[in-house]
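Presented below is the structure to which this report refers.
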Amino acid sequence: NAKAMEIVSSAILEDFEGDVEAYWDFNQEDLFVERDLEDLVVQQFDRLKTLDPNAYDLLCRMGCYRYQDIPTVPLEGLFCLLWDVDSRLHKRSIKSLIERHLIEYESGEYSLHPVIRSEAIARLKSTKDWLAANQEAQMFWNTRTSSIQSLHDALVSFEAYFHCLEIQDFEGASQVLTRRLPDELHHEISLGGILYRIGLTSQIIFATERILPYLTSEYETGLLYHILADSHRVQGKIKSSINYNLRAIQHFQSILDSGPEDTKGHLAYAHLSNGIYFIDLWELDEAKKYFHFVINNSDRKYRIVAKSEACLAYINSCTGLACEAKVLLDRVEEQIEIEREQGTLGNIIYFLIFTALTYKNLDEFETSMRLYEKIISYLRGTSYQHTMAKALYGVGEVHRITGELDLALQKCVKAVEILRYLDAKVDLAEALFQLGLTYKAMKKFEDCKKHLKEAVRLFSDIEAPKQVERVKQAMVGV
C-alpha cells in the first residue's frame, strides 16, 4: 500500500543513501515474501533505534497522544517529549522522522499513522518513559489554553484528562475537569461545566464517573459531584442532580474548616443549584429553603447572594408575594449595575432570566422585555445557547401576553429548535409549553394540543408531577 511504499522508499534513501542494490542485499531474504505494513513498521523502528536513538525515543513517546478529538499535535507538543535531549537537537530528531515518513506532517502539525502509533505505544508502555511521556503531554495540553473561546479550546484542555487516566493519576484527571478557565464572557467556569454547556454532556458524565471511585480528596470529590449534578440536569434527570448535589454538600461540609479557601463558596453554589433544580420540578417551597441558606450564610459582597435573591424574587412573584419580590428585585438591580460597570455581566447572565421572569409576573412587561433583549444581545455569537433559548421563549411569553402573537410564535419556535439540538429536556419542556400556549392564543388548537402533550410527556419523564399538572391545567378547554 501507499504507506508501505513511502516507508520502503524513505528507507532506501535515508539508510542506504539511495542505493537500491544495497537495500536488496540487506533484505534479500525478505523481498520475495509479501510483507505487510506492520512488519515494515517494526523493521523501521528497529533500524531507527540503532541509527538515531533520539528520533526513536521521540517516535515511541509520540504514541502517548490520542490523535482523536484533536487529530494533530503542534511542534511544541513534540518538543516537550524530548526532555532528555539538548534543545538544539530537537528539530533534527523531528526532521529524521519526517524524512523516513514515520510521522505525518502538514502545516506545522504532526500525527502518527494508526499502525505506527500502535507500534509506538506498545514499545513506550514497556519502558519507564510511559509515565514521563504522559506527564509531559498532560502539562503541554494544560498550558496550551488559558481561556476557553471555542469548542476547539475546550477539547484541547480535555486532552490532559486522558493522559492522567492512562497513568492512573485520578486526582490529576479530576483537577483537569475542575480547573476553572475564563470563557468568552470572561466568566470563570470549570472545564467540566464548559463541556456540558457546549453539548458534550454524555462525555463529561462518563469522564467524571470513570474517576470518582478512585478519588481521595474530599474537595475534588465534591467538585466532581457538582459537575455531575449539572450534567444530569441537562439530560432531564433532576432527581439524580439533586442527589449528586447533596453528596457534594456532604463532602464540602466535611472540610469546611480544613479545606481550600473557596470550599464555603462551593458549598453555597451546590445549595444554589439545588434550589434551581427544585424550581425545575416546580417544588417552589423546597427551592426557597436552598436560596435562604445561601443568603443567610454568605457575605453580601459575593454575587451568589444576588443570584439567590433573583431566584427567590421569582418564586415570590409566582406565589402572590409581590411586595417581597420587589424588595429583592431592588437588591438584584444593585448587583446588575455593579456587574455592568465592571464589565462582568456575564457572571450573572443566567440569573437575569429569573429577573426578567419576575418583572413579567409583576406585569412590568416593558422592563421584562428590555432585560430579555439585553440578555439576547449579550449572548449572540457565544456558546451560551441554552441560556439564549431560555431568553427567547421568555420573550415569546411576553409577546403572547401583550398580544403580539406572530412574534411570540417566532421566538418560541426558535427556542424549541435550539433546545432540541442541545437535548436540554427541562427547558425544552418549558419552551414547548410556551409554544403550546401561543398556539392556544392563536386559536390553533390542534397545534396547541400537540405541543402541550409533548411538554407533558417530557415533564413526566423528568418526574415533575407539579409541572405536569401545570401544563394540564392549560389544556382545559382545548
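For clarity, every value in this text was computed on a predicted model and none was experimentally measured.
Put simply, CG on L81 and OG on S93 are 11.5 Å apart, with the number rounded to the nearest 0.5 Å. Between D46 atom CG and Q43 atom CD the span is 8.0 Å, to the nearest 0.5 Å. Rounding to the nearest 0.5 Å gives a distance of 7.0 Å between CG of L422 and CD of Q385.
The aromatic rings of W141 and H163 lie parallel to each other, their planes meeting at an angle below 30°, with 60° marking the opposite boundary. Below 30°, between 30° and 60°, or above 60°: for Y225 and Y244 the angle between ring planes is below 30°, a parallel geometry.
In terms of the side chain to side chain contact (heavy atoms under 4.5 Å, CB included) criterion, residue partners of L165 (sequence neighbours excluded) are, by chain and number, Y161, F170, R210, I211. Checked against ring pair (Phe, Tyr, Trp, His ring centres under 6.0 Å), Y384 has no partners two or more places apart in sequence or in another chain. Partners of H187 under the ring pair (Phe, Tyr, Trp, His ring centres under 6.0 Å) rule, at least two apart in sequence or in another chain, do not exist in this structure. Legend: residues meeting side chain to side chain contact (heavy atoms under 4.5 Å, CB included) with K390, ordered by chain and number and at least two apart, are Y350, I353, H386, Y393, D427. Scanning for ring pair (Phe, Tyr, Trp, His ring centres under 6.0 Å) contacts around Y378 gives an empty result, with sequence neighbours left out.
Taking 4.5 Å as the limit, every side-chain heavy atom of K414 sits out of range of all side-chain heavy atoms of K411. For the pair L59 and I116, the minimum side-chain heavy-atom distance is below 4.5 Å.
Although no hydrogens or angles enter the test, the distance criterion places no donor-acceptor pair under 3.5 Å between the side chain of S111 and the main chain of T72. Between the side chain of E463 and the main chain of S460, no donor-acceptor pair closer than 3.5 Å is present.
Contacts classified as side chain to side chain donor-acceptor pair (under 3.5 Å) and involving residues 290-300 (residues at least two apart or in different chains) are given here: R300-E309.
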**Study point:** Working for salt bridge (charged side-chain N to carboxylate O under 4.0 Å, His left out), residues R92 and D52
**Key:** CA-CA 10 Å; R92 182 182 300 175; D52 194 339; over 6 Å; no
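In this structure, R123 fails the cation-pi test against W130, since its NZ or CZ atom is not both closer than 6.0 Å to the six-membered ring centre and inside 45 degrees of the ring normal.
A salt bridge does not link R420 with D423: every distance from a Lys NZ or Arg NE/NH1/NH2 to an Asp or Glu carboxylate oxygen is 4.0 Å or more.
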